[in-house]
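Read through the structure below, which is laid out as structure tokens, and then see the notes.
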Amino acid sequence: MYEIKVGIADLNITFAPNRLRTTGLGSCVGITLYDESIHLAGLAHVMLPSSELAKGEVQVAKYADTAIPELLMRMERAGGRRSRMKAKLAGGAQMFQNKGNDLLRIGPRNVEASLIELRRLQIPVVAQDTGGNYGRTIEIEAETGILRVWTVYHGEKVI
């Protein structure tokens, strides 16, 4: 079994018995896709909601509107089927005080954009642990699709 690390603005897929893990989810969102039939898992660590915010070349895994379709495409190339996939999300915290400036609502905007993109792609969201003002580390097991969420002050959750 391997634990594959997914960095910030990165994505990857794996089959059982491996796991995908990402750390440092503050306002970023970790989006997981899972195809239970073939034990295929995918994880994207998204930093921003929309590629319209890009200046210059778009780093595909950085934005919710480009990372999720890319993750789906990679999973379909590996044999996954969209009709069988389920999504889970974690992260999207409000790490900074919001004083009426929508630009500082990065976490909630990341969650909203991810949900919109998943809805557009007709992938059901079966669980999420989002919001708050604290960071998270997540890990998805390709064998079961279980998503573990760790936080410093709130312990571990399994969703």
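All of these numbers come straight from a predicted model, not from anything done at the bench.
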Determine yes or no for a side-chain-to-main-chain donor-acceptor pair under 3.5 angstrom, with [X] supplying the side chain and [Y] the backbone.
X	Y	value
His45	Gly30	no
Ser27	Gly107	no
Asn18	Glu3	no

Test Arg105 against Glu112 for side chain to side chain contact (heavy atoms under 4.5 Å, CB included), laying out the working first. CA-CA 11 Å; Arg105 286 186 57 251; Glu112 292 161 11; 2.8 Å; yes

Is [X] linked to [Y] within one hydrophobic cluster, defined over Ile, Leu, Val, Met, Phe, Trp and Tyr using a side-chain heavy-atom separation of less than 4.5 Å?
X	Y	value
Ile106	Leu25	no
Ile31	Val111	yes
Val6	Leu72	no
Leu48	Ile68	no
Tyr63	Val29	no

Less than 4.0 Å between a side-chain N and a carboxylate O, is that true for Glu76 and Arg81? no

Whether Glu141 and Arg21 form a salt bridge (side-chain N of Lys/Arg under 4.0 Å from carboxylate O of Asp/Glu) is what I want to check. no

So, taking the atom named [atom1] in [X] and the one named [atom2] in [Y], what distance separates them when rounded to the nearest 0.5 Å?
X	Y	atom1	atom2	result
Lys86	Asp35	NZ	CG	9.0 Å
Ile138	Trp150	CD1	CH2	9.5 Å
Lys62	Ile8	NZ	CD1	10.5 Å
Leu89	Leu115	CG	CG	5.5 Å
Leu33	Leu118	CG	CG	6.5 Å
Met73	Ile13	CE	CD1	10.0 Å

Within the 4.5 Å heavy-atom criterion, are Val149 and Ile159 side-chain neighbours or not? yes

Would you find more than 12 non-hydrogen atoms of other residues, nucleotides or ligands less than 6.0 Å from Glu156 atom CD? yes

Looking at every heavy atom in both [X] and [Y], which two are closest together, and how far apart are they?
X	Y	answer
Thr151	Gly135	CG2-O, 3.5 Å
Met75	Ala41	CE-C, 4.0 Å
Ser51	Val58	CB-CG1, 4.0 Å
Thr144	Tyr34	C-OH, 3.4 Å
Leu40	Ala78	CD2-CB, 4.1 Å
Asn110	Cys28	ND2-CA, 4.0 Å

Could you walk me through whether Thr14 and Tyr2 pass side chain to side chain contact (heavy atoms under 4.5 Å, CB included), step by step? CA-CA 9 Å; Thr14 193; Tyr2 295 99; over 6 Å; no

Under 3.5 Å, side-chain donor or acceptor atoms of residues 120-129 against the rest of the protein: list the pairs with distances, not counting sequence neighbours.
residue : atom : partner : partner atom : Å
Arg120  : NE   : Glu117  : OE2          : 3.1
Arg120  : NH2  : Glu117  : OE2          : 2.6
Gln128  : NE2  : Thr130  : OG1          : 3.0
Asp129  : OD1  : Lys157  : NZ           : 2.7
Asp129  : OD2  : Arg136  : NE           : 2.9

Looking at Leu147, Leu71, Thr22, which one forms a side-chain contact (heavy atoms from CB on, under 4.5 Å) with Thr32? Leu147

Under the side chain to side chain contact (heavy atoms under 4.5 Å, CB included) criterion, do Leu11 and Glu70 qualify, and how do the steps go? CA-CA 9 Å; Leu11 58 86; Glu70 175 70 19; 3.9 Å; yes

Arg19/Ile4 under side chain to side chain contact (heavy atoms under 4.5 Å, CB included): CA gap, chis, key distance, verdict: CA-CA 6 Å; Arg19 300 179 298 208; Ile4 300 165; over 6 Å; no

